[in-house]
Amino acid sequence: MADLKYRSPRGTSDILPEDQPYWAFILETAVGLAEVYGYQRVDVPIFEFADLYIRGVGEATDIVQKEMYIFEDRGGDRMALRPEFTAGICRAYLQHGMSNRPLPVKLWTAGPVFRYDRPQRGRYRQFHQFNYEAIGELDPWLDAEVIDLAWRFYERLGLKDLTLELNSIGDGRCRPAYREALRAYYRPLVDRLCSDCKDRLERNPLRLLDCKQPTCWALSEAAPRSVDYLCDECREHFAGVQEWLGRYGVPYRLNHRLVRGLDYYTKTVFEVQPPRQGAQAALGGGGRYDGLIEELGGRPTPGIGFATGMERIILELKEQGISPPGRKLPVVFVAYTGEATRLATVGVVGRVRAAGFIGVHAFGSRSLKSQLRLADGLGAGYALILGEEEYRQGRVVFRDMATGSQEVVSLEEALSRIRRG
RNA sequence: GUGGGUGUAGCUCAACGGCAGAGCGCCUGACUGUGGCUCAGGAGGUUGUGGGUUCGAAUCCCAUCACCCACCCCA
């Protein structure tokens with residue numbers, strides 16, 4: 001550990017075999033659910049033209065301003081590692097004329113995203129999201145379905161005591177008025193705001209609402225609420241979302257201070273919080289982005305999506321003591337006892353693998369004791385010991401590692417016993 | 001970008017101015033054909049790095065890097 005020449009870059013991590021079951025569990029659960037809700041897989045590049053994200057996510061957002069991995073490639077183009085999925089998926093939607101498909105187009109994807117943050121618990125520079133988007137439909141029913149899918153996903157993972165927070169932040173028609181109302185509210189109080197919030201006041205007043213500084217937090221208590229400034233359409237839409245959520249049976253809590261960090265959100269925004277409200281807690285979040293596709297040069301097209309952080313889910317699973325199902329194939333260890341059987345091991349292990357089991361053995365020439373120790377370490381459920389004498393008679397010593405009982409049987413018999421469990 | 005904490009064996013940690021250790025893990029052995037338990041042995045560290053103080057530094061001081069935690073932001 002002392003001073004290795006190479007280490008993984010800051011904020012990145014290796015996903016070791018021990019943790020892989022968590023990843024598989026989460027991904028399988030997410031994919032399984034997304035598919036039954038009618039979502040299809042899409043994969044978009046890990047890097048795009050930086051402008052896509054700058055236009056899409058928003059020039060003024062922290063993500064674009066200070067967290068994006070941006071670089072010039074050898075051809076002189078300004079590229080960026082994706083800081084999120086939605087912009088890339090919308091770009092793909094436009095590029096491939098998906099508006100001609102049955103609407104809404106429902107797509108899911110998963111993979112690494114990148115943000116140049118200072119790493120801490122639950123926050124990494126390369127992290128992984130599962131993401132789904134539904135594009136081309138503005139019925140609030142769809143909002144509710146998307147939220148329902150998110151909710152069922154965590155439920156199916158076995159996570160308990162989560163909270164779904166919901167808000168509506170209006171759209172291009174009503175948000176300006178709300179923004180002004182916020183400014184009007186905060187201006188007389190500006191001296192009591194933290195320095196960040198003083199900046200936000202003019203630049204992005206919505207963000208004043210979720211500042212965690214005690215004084216700012218206290219002031220935001222009585223701040224104007226976005227829901228009171230919604231235009232008729234947005235208000236009706238939000239009411240619709242709540243009605244439909246009731247029909248889906250998804251419990252939610254209105255949070256008037258819920259705003260989100262990406263500029264493209266309109267109307268519905270939501271976030272899923274774990275019980276222990278920590279700093280980097282949010283497990284996932286999403287919302288509507290009815291202006292994004294147009295912003296990217298397409299015809300006005302509504303959309304809504306959701307993203308959840310894999311690493312944070314794993315933290316929460318561990319927090320709640322939930323372990324992923326281990327559905328491993330039986331490990332069958334083949335041991336040799338002399339030179340002839342050592343050579344024959346190749347064939348026997350081959351038969352084990354052809355039968356669909358995990359077939360392993362020792363290399364070199366190890367003592368039987370050492371081989372069985374290895375078998376134990378590898379978690380073998382069974383050992384096939386090739387005794388010189390038995391092997392000559394076409395049989396093997398079939399050992400059940402859990403009980404230690406063993407019997408001399410033919411290889412076929414051994415394999416079929418393993419198959420039966 | 002800001003603040004705090006921590007760096008000793010693969011892992012978890014002792015030693016806190018005087019010979020760098022333990023447990024776990026790994027390897028070998030205890031009837032040259034049988035794992036787990038036990039016992040014995042072994043491999044593995046320039047104490048993150050660089051400087052300073054000191055007769056002597058893992059230990060005290062400074063710097064630096066890394067990791068962790070919090071702010072910020074968000075997944």
Side-chain angles (χ1 to χ4, degrees), chain A residues 1-5 7-13 16 18 26 57 61-68 83-86 110 112-131 150 194-197 199-200 204 207 210-214 216 258-262 271-274 278-286 305-316 333 335-338 341 362 364-391 397-406 408:
Chain A
M1 185 54 154
D3 59 333
L4 292 173
K5 187 168 179 186
R7 304 179 57 84
S8 55
R10 183 161 208 204
T12 67
S13 52
L16 299 178
E18 299 74 61
I26 295 167
V57 175
T61 60
D62 282 359
I63 291 179
V64 165
Q65 287 215 320
K66 46 189 202 194
E67 295 173 7
M68 203 152 69
E84 58 113 41
F85 279 114
T86 306
V113 293
F114 305 86
R115 288 180 204 172
Y116 188 86
D117 259 2
R118 186 128 172 210
Q120 68 186 76
R121 178 184 171 85
R123 189 173 79 184
Y124 313 98
R125 290 182 175 180
Q126 176 178 348
F127 62 102
H128 299 76
Q129 290 188 337
F130 183 86
N131 184 276
C194 70
S195 57
D196 284 334
C197 282
D199 291 345
R200 292 182 182 125
N204 194 357
R207 299 223 61 85
D210 65 350
C211 181
K212 311 294 189 304
Q213 298 291 328
C216 301
L258 177 61
V259 297
R260 295 185 51 79
L262 293 78
E271 227 169 71
V272 177
Q273 297 286 350
Q280 306 301 318
L283 293 177
F306 173 77
T308 186
M310 303 282 284
E311 286 86 350
R312 287 191 187 174
I313 293 174
I314 293 174
L315 282 173
E316 189 58 25
F333 189 93
Y336 47 77
T337 56
T341 53
S365 312
R366 299 233 247 164
S367 68
L368 184 56
K369 178 192 280 287
S370 158
Q371 290 182 69
L372 284 173
R373 205 158 26 219
L374 181 60
D376 198 48
L378 293 172
Y382 306 94
L384 302 180
I385 301 167
L386 309 184
E388 297 282 318
E389 189 58 31
E390 294 88 338
Y391 191 69
V397 178
F398 173 62
R399 181 179 180 85
D400 182 324
M401 294 296 284
T403 64
S405 65
Q406 59 184 44
V408 179

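Labels below follow one simple rule: chain letters A, B, ... track the order of the sequence lines, proteins then strands, and each chain is numbered from 1.
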Is the shortest side-chain heavy-atom distance between [X] and [Y] below 4.5 Å?
X      : Y      : value
A/R115 : A/R123 : no
A/L262 : A/E84  : yes
A/N131 : A/T86  : yes
A/R373 : A/R366 : no
A/V113 : A/H128 : no
A/F333 : A/L374 : yes

Centres of the A/Y382 and A/F398 rings: under 6.0 Å?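 Ring-ring flag for A/Y382/A/F398: true, centres closer than 6.0 Å.
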First locate atom [atom1] of [X], then atom [atom2] of [Y], and finally report the distance between them rounded to the nearest 0.5 Å.
X      : Y      : atom1 : atom2 : result
A/F85  : A/F130 : CZ    : CZ    : 9.5 Å
A/Y391 : A/L386 : OH    : CG    : 6.5 Å
A/I385 : A/R399 : CD1   : CZ    : 6.0 Å

Can you measure [X] atom [atom1] to [N] atom [atom2] for me and round it to whole angstrom units?
X      : N     : atom1 : atom2 : answer
A/L368 : B/G29 : CG    : P     : 11 Å
A/L16  : B/G10 : CG    : C1'   : 12 Å
A/K66  : B/U2  : NZ    : C1'   : 11 Å
A/E84  : B/A75 : CD    : C1'   : 11 Å
A/D400 : B/G35 : CG    : P     : 15 Å
A/R121 : B/C71 : CZ    : P     : 12 Å
A/R373 : B/C37 : CZ    : C1'   : 13 Å
A/F85  : B/A75 : CZ    : P     : 12 Å

Between [M] and [N], how far apart are the [atom1] atoms? Round to whole Å, please.
N     : M     : atom1 : answer
B/C39 : B/G33 : P     : 26 Å
B/G29 : B/A43 : P     : 16 Å
B/G36 : B/G25 : P     : 11 Å
B/C26 : B/C62 : P     : 42 Å
B/U2  : B/U53 : P     : 31 Å

Identify whether any heavy atom of [X] sits under 4.0 Å from a base atom; if not, whether one sits that close to sugar-phosphate; answer base, sugar-phosphate or nothing.
X      : value
A/G404 : base
A/R260 : sugar-phosphate
A/V113 : nothing
A/Y124 : base
A/E271 : nothing
A/R10  : sugar-phosphate
A/T61  : nothing
A/L262 : sugar-phosphate
A/D62  : sugar-phosphate
A/I313 : nothing
A/Q371 : nothing

OP1 or OP2 of [N] versus the side-chain N and O atoms of [X]: is any pair under 4.0 Å?
X      : N     : answer
A/Q120 : B/C69 : no
A/S367 : B/U32 : no
A/K369 : B/U34 : no

Check nucleotides 3-5 of chain B for protein N or O atoms closer than 3.5 Å to its own N or O atoms and list the pairs.
residue: B/G3; atom: O6; partner: A/R118; partner atom: NH2; Å: 3.3

For RNA chain B, whose closest nucleotide is more 5', that of A/S8 or that of A/V272?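 The residue mapped nearer the 5' terminus is A/S8.
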On RNA chain B, check which nucleotide each of A/Y116 and A/G387 is closest to and give me the residue with the more 5' one.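 The answer here is A/Y116.
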How does RNA chain B look in dot-bracket notation if pairs are Watson-Crick or G-U with both distances under 3.5 Å, crossing ones as [ ], other-strand ones as |? (((((((..((((....[..)))).(((((.......))))).....(((((..]....))))))))))))....
Would you say the side chains of A/Q126 and A/T12 form a donor-acceptor pair under 3.5 Å?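 Side chains of A/Q126 and A/T12: no pair found under 3.5 Å.
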Counting only side-chain heavy atoms from C-beta out, which of B/U34, B/G35, B/A75 sits nearest to A/Q406?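 Of the candidates, B/U34 comes closest.
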May I ask you to decide whether A/E67 forms a salt bridge with A/R125, counting only side-chain N to carboxylate O separations under 4.0 Å?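 Not counted as a salt bridge, because no side-chain N and carboxylate O are separated by less than 4.0 Å.
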On a plain distance test, is the side chain of A/E390 in donor-acceptor contact with the base of B/G33 below 3.5 Å?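 Answer yes: a donor N or O sits under 3.5 Å from an acceptor.
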